[in-house]
Amino acid sequence: MKIKFWLWTILGVVLSATLIIVSLNWSHQNTNELAKIHNSKLSPVIMIPGSSASVNRFDTLVGKLNKNNKHPHSLIKIRVTTDDKLHISGSLRRGDNEPVIVVGFENNHDGYDNIKKQAKWFNTAFKFLTKQYNFNNFKAIGHSNGGLIYTAFLENYYSEYSEQIKIKQLMTIGSPYNFNEKSVRHKTQMLSDFIDDRDKIPASLSVYSVAGTETYNSDGLVPLGSVMAGKYIYQGRVKHFTTISVSGSDAQHSDLPQNDQIIDLINRYILDPKQKLQRRQGAISLDGQ
């Protein structure tokens, strides 16, 4: 009986010691990971293209940002397939603290149901990025439906990261918050849902909603009233909400990502000060809060 007693005692001590060591190792690793995130200088610009667009959608935009730039932005692309797998190209250049990361989708079709799926797939990519690069803040740009995907992400998934990772600015470009409706008197289900869940959007965020005006009331595809409907989601909820309209050359919906006025706006309001290029001149109308 004494032998059994001592055997069980020794076994208990060994198990307890093993659990303590495992617990300490986990705690040490977790502390190291938190320290990496807290001390990180990385501040990526994460972009989402619109419907029917690929991860190459912003190539011209990034090329213009990098022109004559002594500190060019790395370009990393992630394509998320419908089976939740990530297909990655590009790499982070050494010393680059502000890379551009583009997240696109195999299913890049239009429609509210697809936008909800794309927000879920974006969350899959975002979770990977947080583990891969250990950043504590980022800036966001969404063209067309990309802005809707970002809105859905902020309302449904961002709270998982909000304590450790801050979204600093969001710029949506030609985003049809009310789809093809010209007036909010006819709210789509998507707009109604976005308004209902607006309290989940971080209050510290600065939002810039950019509209193209090829004509007086449209960018040739998205009604101006649909873009302006974004104020019912963001205005009064976030720290700053500004609506901006651009006109003239490249003001048509599909041309907006390479519009020089929008490049200037990105340099002014999205990029970190040390990365900004010399500001280009352009006629810009502002209606901000």
Side-chain angles (χ1 to χ4, degrees), residues 34-49 57-78 90-103 122 125-126 128-143 146-147 150 153-154 158 161-173 201-210 234 238-244 246 256-282 284 286 288-289:
L34 291 174
K36 284 181 183 179
I37 294 172
H38 178 75
N39 297 325
S40 175
K41 295 181 180 180
L42 200 66
S43 180
V45 183
I46 305 178
M47 303 184 180
I48 305 178
R57 186 67 183 88
F58 299 106
D59 285 2
T60 301
L61 184 157
V62 176
K64 288 188 174 184
L65 290 177
N66 284 341
K67 187 177 181 180
N68 300 323
N69 191 346
K70 294 181 180 180
H71 305 283
H73 305 272
S74 307
L75 179 56
I76 300 166
K77 301 175 183 179
I78 300 179
S91 60
L92 179 63
R93 180 181 53 80
R94 185 175 181 179
D96 181 11
N97 290 328
E98 198 171 37
V100 172
I101 302 172
V102 179
V103 179
F122 177 76
F126 190 81
F128 163 79
L129 290 171
T130 61
K131 295 177 180 178
Q132 182 74 11
Y133 297 111
N134 295 314
F135 53 91
N136 55 45
N137 71 85
F138 71 103
K139 288 88 67 174
I141 296 176
H143 173 236
Y150 254 124
F153 169 75
L154 290 175
Y158 176 67
Y161 314 95
S162 59
E163 289 188 6
Q164 294 181 7
I165 302 173
K166 178 183 178 181
I167 177 171
K168 295 170 67 176
Q169 294 99 17
L170 166 64
M171 177 178 286
T172 63
I173 304 170
I201 296 171
S204 60
L205 181 61
S206 293
V207 178
Y208 304 90
S209 176
V210 184
Y234 289 105
V238 297
K239 180 173 64 174
H240 298 294
F241 177 77
T242 305
T243 60
I244 305 168
V246 298
L256 290 173
Q258 52 263 23
N259 180 292
D260 283 342
Q261 295 178 62
I262 291 177
I263 302 298
D264 181 57
L265 291 170
I266 292 172
N267 278 311
R268 291 188 190 189
Y269 301 122
I270 301 301
L271 301 183
D272 289 341
K274 64 181 179 180
Q275 293 286 350
K276 292 178 181 177
L277 301 175
Q278 183 178 3
R279 295 177 180 177
R280 295 184 177 93
Q281 298 299 315
I284 302 172
L286 298 177
Q289 179 185 295

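Just so it is clear, the structure is predicted and the values come from calculations on it, not from any experiment.
- For the pair P202 and L154, the tightest heavy-atom approach, listed with the atom from each and the gap, is CD-CD2, 4.4 Å.
- At least one side-chain heavy atom of L92 sits less than 4.5 Å from a side-chain heavy atom of I76.
- Contacts of F138 classified as ring-ring contact (aromatic ring centres under 6.0 Å, His included), with partners at least two apart in sequence or in another chain: F126.
- Note that CD1 of I173 and CD1 of I48 are 12.0 Å apart. Values are rounded to the nearest 0.5 Å.
- Rounding to the nearest 0.5 Å gives a distance of 10.0 Å between CG of D96 and NE2 of H71.
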Using the side-chain contact (heavy atoms from CB on, under 4.5 Å) rule, take L61 and I266 through it: C-alpha gap first, then chi angles, then the decisive distance, then the call. CA-CA 10 Å; L61 184 157; I266 292 172; 3.8 Å; yes
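- To the nearest 0.5 Å, the span separating CG on N259 from CG on L256 amounts to 6.0 Å.
- For the pair D272 and K41, the salt-bridge criterion is not met [side-chain N within less than 4.0 Å of a carboxylate O].
- Contact record, V103 with A125: CG1-CB, 3.8 Å, taken as the closest heavy-atom pair.
- Remark: the backbone N or O of S40 is paired with a side-chain donor or acceptor of N136 at under 3.5 angstrom.
- I46 contributes atom CD1, which lies 4.5 Å from atom CZ of F135 (distance to the nearest 0.5 angstrom).
- The line from CZ of F122 to CD1 of I78 is 9.0 Å long, rounded to the nearest 0.5 Å.
- Residues V100 and M47 meet the side-chain proximity criterion, which asks for heavy atoms closer than 4.5 Å.
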Step by step, work out the side-chain contact (heavy atoms from CB on, under 4.5 Å) result for L265 and V246. CA-CA 10 Å; L265 291 170; V246 298; 4.3 Å; yes
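- Between L75 and N66 there is no side-chain heavy-atom pair separated by less than 4.5 Å.
- Looking only at side-chain heavy atoms (C-beta outward), H143 and M171 stay at 4.5 Å or farther from each other.
- Among all heavy-atom pairs drawn from Y208 and I270, the shortest one is CD1-CD1, 4.3 Å.
- Between I244 and Q261 there is no side-chain heavy-atom pair separated by less than 4.5 Å.
- The two residues N267 and L271 have their closest heavy-atom pair at OD1-CD1, 3.2 Å.
- Annotation: side-chain hydrogen bond (donor to acceptor under 3.5 Å, both in side chains) contacts of S206 (sequence neighbours excluded): none.
- Under the 3.5 Å distance criterion, the side-chain polar atoms of K64 are left unmatched by any main-chain donor or acceptor of D260.
- For the pair V62 and V102, the minimum side-chain heavy-atom distance is 4.5 Å or more.
- Under the 30°/60° scheme for interplanar angles, the aromatic rings of F241 and Y234 are found to lie parallel.
- Closest of all the heavy-atom pairs between Y150 and I141 is CE1-O, 3.6 Å.
- Taking all atoms of both residues into account, the shortest heavy-atom contact from P72 to R93 is O-NH2, 2.5 Å.
- A donor-acceptor pair under 3.5 Å is formed between the side chain of K139 and the backbone N or O of S43.
- Side-chain atoms of Y158 come within 3.5 Å of backbone N or O of I167 as a donor-acceptor pair.
- Distance CG/L42 to CD/Q132: 11.0 Å, rounded to 0.5 Å.
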